[in-house]
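The chains referred to below are lettered A, B, ... by the order of the sequence lines, with proteins before strands, and numbering in each begins at 1. Predicted model only: the values in this text are computed from it and were never measured.
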There are 2 protein chains.
Amino acid sequence: MAWDVEGTKHRIYQAALAEFAAHGPDGTTVDRIAKRAQVNRERVYNYFGDKSALFSAVIRSELDKIAQAVPLTITRTTDLAEFAGRTFDYQRAHPDLARLVLWEGLSDTGTVPDELTRTELYTGKANAVAAAQQAGLIDDTLDPAHLMFLIIALSSYWSAAPQIARMLSGTDAQDATETAQRRAAVVHAARQLATPRPKPTT
Amino acid sequence: MAWDVEGTKHRIYQAALAEFAAHGPDGTTVDRIAKRAQVNRERVYNYFGDKSALFSAVIRSELDKIAQAVPLTITRTTDLAEFAGRTFDYQRAHPDLARLVLWEGLSDTGTVPDELTRTELYTGKANAVAAAQQAGLIDDTLDPAHLMFLIIALSSYWSAAPQIARMLSGTDAQDATETAQRRAAVVHAARQLATPRPKPTT
DNA sequence: GTCTACTCCAACAACAACGTTGTTGTTGGT
DNA sequence: ACCAACAACAACGTTGTTGTTGGAGTAGAC
């Protein structure tokens, strides 16, 4: 077994994922991908086509993973807060994917690939919230989609804007206790938003 | 008046803002900036130094603007929620800024230009929150910096991740009533986080 | 053994972007 | 009127990246 085609492809894929996540589509060079994969650059073109095709291949494959990673089912009031915590955890554990999605979003010019599938994913979550609101488990002041979006914002912005998190907290994101506090803040905030409240008398 | 130096600088600045926001530091070319500003490329280098210096200048200036446009002083419990609302408004009016911050976050390699100045800006806001917490105006469950960060996240993520907002709400961001609802959601959420609560008996 | 198909690599041309330099023309002061 | 300083621009050399090509070596079929 002198040749290991599948292995080579896989190494290229992994290298591409890392490089794209680190530097984005424009900041990444095919040469660096090849170097990292310990492969000749020509292999990249031969196996994956040009750079943008490789980027598409990577992002599609990774999005499939992200979709199934953090499911949401609400049977208790605290489930939404836990969802926020798990989303936070997921972003911490897979910073590459989070960054990839962000890059895609920024490069976005109107429509995103697989928009239909992903829309269903989100509306599914929104529907879960809506059902829980009708069941009285979740505060129904806000539109379910808006509430869902705010939950995602709370959980995601730490990874999306790490420089702001750093400047505000003064602490490095690597610090374990800081991370724990951030997570606790997210969960607490989500719970505040989710817990049903009596209507204000204003 | 044959020459309009300030005007030229300003045109370059505006062009750079638009290009950087659209394509990010790596995706932007100095030549396109010059073309858009209807200026020779050399002027860019003469006035602003190299590309990264220009990017720094743009992001710093834009952050100064939002800091002055949306100040934060807390004398009532609802002030924090109003701050969130005004931040949301500002981001809507200047969507380039949110994208700029995200680009910077993605390109972030440990330290950001003007990190010291900007850190002071943020800690100033965090201190305002801390003081208000001690005065009993703001709920003190969360660390002031973390609370401040969550407020910013709530207000900014709509502009930062428009594709997610679009997929979740199903509505276009141009829709006036949708925008109003989003703003209301942000303000409501901020108020939920800010309002002092008795400690849970758990 | 030989043939075909495939992997792998070094080298190449084409191009795009960077940052600089040299020149022309304009301004405002003396 | 003259001059120094400066705005404006075209053109340049350099560097880095892209995508391709031709050749050398290897595996398995017949």
- Query: Are A:Thr75 and A:Asp79 close enough that a side-chain donor and a side-chain acceptor fall under 3.5 Å?
  - Reply: yes

- Item | Sugar-phosphate, base or nothing in reach of A:Thr28, heavy atoms under 4.0 Å | sugar-phosphate

- Task: Could you check which of D:dA7, D:dT20, D:dA10 has an atom nearest any side-chain atom of B:Glu42?
- Result: D:dA10

- Query: Under 3.5 Å, is there an N or O donor on one side and an acceptor on the other linking the side chain of B:Asn40 and the base of D:dA10?
  - Reply: yes

- Item | Donor + acceptor pair across side chains of A:Ser155, A:Gln91 (<3.5 Å) | no

- Query: Is there a side-chain polar atom (N or O) of A:Thr29 under 4.0 Å from OP1 or OP2 of D:dG16?
  - Reply: no

- Is any side-chain nitrogen or oxygen of B:Tyr47 closer than 4.0 Å to OP1 or OP2 of D:dA8? yes

- Message: Measure CZ/B:Arg41 against P/D:dC12 and give the value in whole Å, please.
- Response: 13 Å

- Base, sugar-phosphate alone, or nothing: which one does B:Asp50 contact when heavy atoms must sit under 4.0 Å apart? sugar-phosphate

- Message: Looking at C:dC18, I'd like to know if its phosphate oxygens (OP1 or OP2) sit under 4.0 Å from a side-chain N or O belonging to B:Lys51.
- Response: yes

- Message: When you compare the side chains of B:His10 and B:Gln14, does any donor N or O come within less than 3.5 Å of an acceptor on the partner?
- Response: yes

- Ring geometry between B:Trp158 and A:His146 (parallel below 30°, tilted from 30 to 60°, perpendicular above 60°): perpendicular

